[in-house]
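These notes are about the structure you will find just below.
All values below were derived from every heavy atom in this structure, side-chain atoms included, with hydrogens, water molecules and symmetry-related copies excluded. Reminder, nothing fancy here: chain letters follow the sequence lines and each chain counts from 1.
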Amino acid sequence: MKTFYITTPIYYANSLPHLGHLYTTIVADAIAKNKKQRGFDAYFLTGTDEHGINIQRIAEQNDQTPKQYVDYVSDEFKRIYRQFGLNGFDVFMRTTEPFHYEAVQNLWRQIAANRTPKGNETIYKGFYEAWFCPNCAEFKTEAEYELRAGEDAPRCLIHERTLDRVAEESYFFRLSDYSEFLLETIEKHRNLIRPEARRNEVVSFIKSGLQDLSISREKKSVYWGVPVPGDANHTIYLWVDALSNYITAIGYGNEERKSVGFEKYWSNVTHLVGKDILRFHTIYWFSFLHAANLKLPETVFAHGLWLDSHGRKMSKTLGNAIDLEFLHRNFSTDVIRYFVLREMVFGQDGKFGYESLIERTNADLASGLGNLSSRTLSMINKYRDGAIPSGKIQEHNYIYAKRAGISPDEQDLVSVLEHARDEFLRRFDNYEFSLALEILWTVIARIDKMISDAKPWELIKDENQAETLNAVLYRATETLRWLCVLLYPVMSEATAKIYAQIGLSEDVSKTNPENLSYAELKVGTKIGETEAVFPRIDKTKVMNEIKEQSKETKSNAEISNQTASAPNGDSRARNPTDVLINTAPTEEANGEDDFITIDDFLKVELRVGEIRVAERIPKADKLLRFEIDLGEEKPRQILAGLAEYYEPEKLIGRKVVVVANLKPRKMRGLESQGMICAASLENDEGEKPALATFIENVDIGARLK
RNA sequence: GCCCUUGUAGCUCAACGGUAGAGCGCGCGGCUCAUAAUCGCUAGGUUACAGGUUCGAAUCCUGUCGAGGGCACCA
């Protein structure tokens, strides 16, 4: 039996589920169902990644143990999955499972026992260096510190004190020895990384040079994770722990899961990932696997992000994120599943708008598939007492069939169906879900046309047309049966309903579409009770509700918590050497101490300056170089990131507000001796500066108080 | 600044180098089995632009412009 193993990423448990998670899981669910239908021994993994410093911290803030916290989050994922009909997975993997600990340690040992392709030790001890806050006693991630203009060291967002550059002992994986292996392998296997544009990116990243990877933290800074085997002072950090779930869950390196069948499933693996974590699933993961003498996956497919209807990224602050609860309340799971698969070209970004969701539902599902089913079954009820008539037309009746515009034999229809089926499966296998579905809708149109041409409501009046009418009804019903089988992986509930309405009792999930053959639908089958499978959606009504809803969410968003913050399908943040998540900084941390005294204010020396020189800096997209006259003996050189927003020539002569006593700082090799003040305007596209100026005439060098 | 992808009808997307199509939306007409569904017809294009290769280019090559992305950089 052919095997097939598909995975979603295991989602990082610092964030509650959002549309991005839902989408990846829907796609994987549909693929897994399709493979199982077709007789594959298929296995589908999804789950949560539950270790690391971020989980540790969030739990502490919530007065929970890390375990309590991740139990909560993974339950939330499961709950959302249930809500959206995501029942096709075979394991919900959690990295806190005891067997995973054992298996990760075994993987580590296996890797450590081997040599790199260049004959070096794979794992070695070194020092990991990062910004450290002594008050927190923690290393800080990119999202947890800010670098103020003019300062060399960033500050802790909580304590506002300058961070120290601290090194701690860490194990490293010698990733730098794997570049050639990776490039060769990626070159050789064209389907290894898809789509191609993403593959190119990975290749160019490798070519730019790989650094060795820190794969542990001292236990005193990160205890929430798997201990390094043979060195209890260290915790295995992030990628070795998280990525390896794909093998530990199916029995690598542990007894508990052995029965799942590692050898079997690891022979044909597909990882679906968001484009933001592609690099880790290729460069790191391939290298780890190679280092452990394991085979690489068949395909790692990076899909795009869902943008809002205007093509903007979704975020809590913009208030354009899709609220899953609301989505669930207003739309059935099948409608959503159909929409995301039909609307997004897999691999590219897609737009998610309620308006197009409603339009597509009404057009394709209510008016299309739903209505075809409804009109067909209702005619069988009305004209044939609810029993499916034979589709055969006897030769002496051919003349009548032709007269009604119906071809006497069904060969035309059979080839249409078979062709559509083959194309559907081909496209589906190639991740072209959108095109695959489109093909089936051409079949629906064809049957609608057949019915209109034949005019059953007239045939019923003519005794001689009894067989023609039968044929029309049979052909339409048989087509519906085929469609149900093919569409089951996409819309399991609706297809099951239609199937039942046709009067069929076998299990669609086990009907192999490849074996569909025409006229298997039994004559005389009593059709079941009929009702609308896809009720038409009242667009104006729902759109109004959405407007109401979004007002509420927008006002809630500001107060909302930090645990549900990661916006765009990323299960991990981007910087590999730092900690991973975009945990929103604790804004409440400020509160009423948030005042400064007049003395504090007077420390800042704000002065009026006139721009004498403004020019672009070669090879810098954002920076402009200014010479600003502050009434001092010499104009100051100041650099500012305004190049994207202002034409330098037009700024010459303009009077601006300058922070005059800022510590000088080098940027792009040039020293910046101050800072220009500007308002930061937030709009749909992000932030945009507006320079502070005066309406009145002001003297150069005047101080602002 | 380097690299990648992309530009086709109002919108979303198709089209082995061989007569540019579909769905939605718009306009008109027909029908009544059906969820105001469905069927027909009409409208809409110098395939971003300029060159080149070819008997033949939306497709291949070069350049320009626009859009998106990766890296560097910046935060």
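Separation of the C1' atoms belonging to B:G23 and B:C61 is 34 Å when rounded to the nearest angstrom. Distance check on atom P: B:C39 versus B:G44 gives 23 Å, rounded to whole Å. Nucleotides B:A37 and B:C26 place their P atoms 10 Å apart, quoted to the nearest Å. Across the C1' atoms, B:U46 and B:A58 are found 12 Å apart, a figure rounded to whole Å. Separating the P atom of B:U32 from that of B:G25 is a span of 23 Å, rounded to the nearest Å. Of the C1' atoms belonging to B:G7 and B:C13, the separation is 13 Å, rounded to the nearest Å. A distance of about 9 Å separates the P atoms of B:G45 and B:A9, rounded to the whole Å. Atom P of B:U59 sits at a distance of 13 Å from the matching atom of B:A20, rounded to the whole Å.
Using a 4.0 Å heavy-atom distance criterion, A:K455 is classed as making no nucleic acid contact. Among the heavy atoms of the strands lying under 4.0 Å from A:N371 is at least one base atom, whether or not backbone atoms are also near. When heavy atoms are screened at a 4.0 angstrom cut-off, A:R360 is found touching no nucleic acid atom at all. Heavy atoms of A:S367 sit under 4.0 angstrom from primed sugar atoms or phosphate atoms, though from no base atom. Among the protein residues, A:Y383 comes within range of the sugar-phosphate backbone only, with heavy atoms under 4.0 Å from sugar or phosphate atoms but none that close to a base. Residue A:V203 is classed as having no contact, given no heavy-atom separation below 4.0 Å to the nucleic acid.
Picking from B:C71, B:U5, B:U35 the nucleotide with the shortest atom distance to the side chain of A:F205 gives B:C71. Here the side chain of A:K382 is nearest to one of B:A14, B:C4, B:C33, namely B:C33. The side chain of A:A197 lies closest to B:C4, out of B:U12, B:G69, B:C4. Listed nucleotides B:G69, B:C4, B:G40 differ in distance to A:K449; the shortest reach to its side chain belongs to B:G40. For A:S452, whose side chain is taken as the heavy atoms from C-beta onward, the closest listed nucleotide among B:C33, B:G69, B:U38 is B:U38. The nucleotide whose nearest atom lies closest to any side-chain atom of A:R536 is, among B:C33, B:U35, B:G69, B:U35. Listed nucleotides: B:C4, B:A34, B:A15. Nearest to the side chain of A:R375: B:A34. Set against B:U5, B:U38, B:U35, the side chain of A:F534 has B:U35 as its closest nucleotide. Here B:C33 is the nucleotide among B:C33, B:U12, B:C39 with the atom lying nearest to any side-chain atom of A:S378.
Side-chain contact check for A:L357 versus A:L327: some heavy-atom pair is nearer than 4.5 Å. No side-chain heavy atom of A:L192 sits under 4.5 Å from any side-chain heavy atom of A:T282.
Applying the Watson-Crick and G-U wobble criteria (two distances, each under 3.5 Å), B:C2 pairs with B:G70. With a cut-off of 3.5 Å on both Watson-Crick or G-U wobble distances, the partner of B:G40 is given as B:C28. In this structure B:C16 sits in no base pair that meets the Watson-Crick or G-U test at under 3.5 Å. The base-pairing partner of B:G23, taking Watson-Crick or G-U wobble contacts with both distances under 3.5 Å, is B:C11. Base pairing analysis places B:C60 opposite B:G52; the two distances defining the Watson-Crick or G-U wobble pair are each below 3.5 Å. Across all strands shown, B:U35 forms no Watson-Crick or G-U wobble pair with both distances under 3.5 Å.
One atom, CE of A:M379, and another, P of B:C31, lie 18 Å apart when rounded to the nearest Å. Regarding A:L480, its CG atom lies at a distance of 14 Å from the C1' atom of B:C33, rounded to whole Å.
More than 12 heavy atoms of other residues, nucleotides or ligands shown are found within 6.0 angstrom of CZ on A:R536.
Taking the six-membered ring wherever Trp is involved, the centroid distance between the rings of A:H271 and A:F301 does not fall below 6.0 Å. Not less than 6.0 angstrom separates the ring centroid of A:F286 from the ring centroid of A:W239.
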Exercise for review: Start with the C-alpha distance between A:T468 and A:Q465, add both sets of side-chain angles, then the distance that settles side chain to side chain donor-acceptor pair (under 3.5 Å), and finish with yes or no.
Suggested key: CA-CA 5 Å; A:T468 311; A:Q465 290 291 22; 2.5 Å; yes
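Because its NZ or CZ atom is both nearer than 6.0 Å to the ring centre of A:F205 and within 45° of the ring axis, A:R279 counts as a cation-pi partner of that residue.
Between A:R279 and the phosphate of B:G70, there is no side-chain N or O to OP1/OP2 separation shorter than 4.0 Å.
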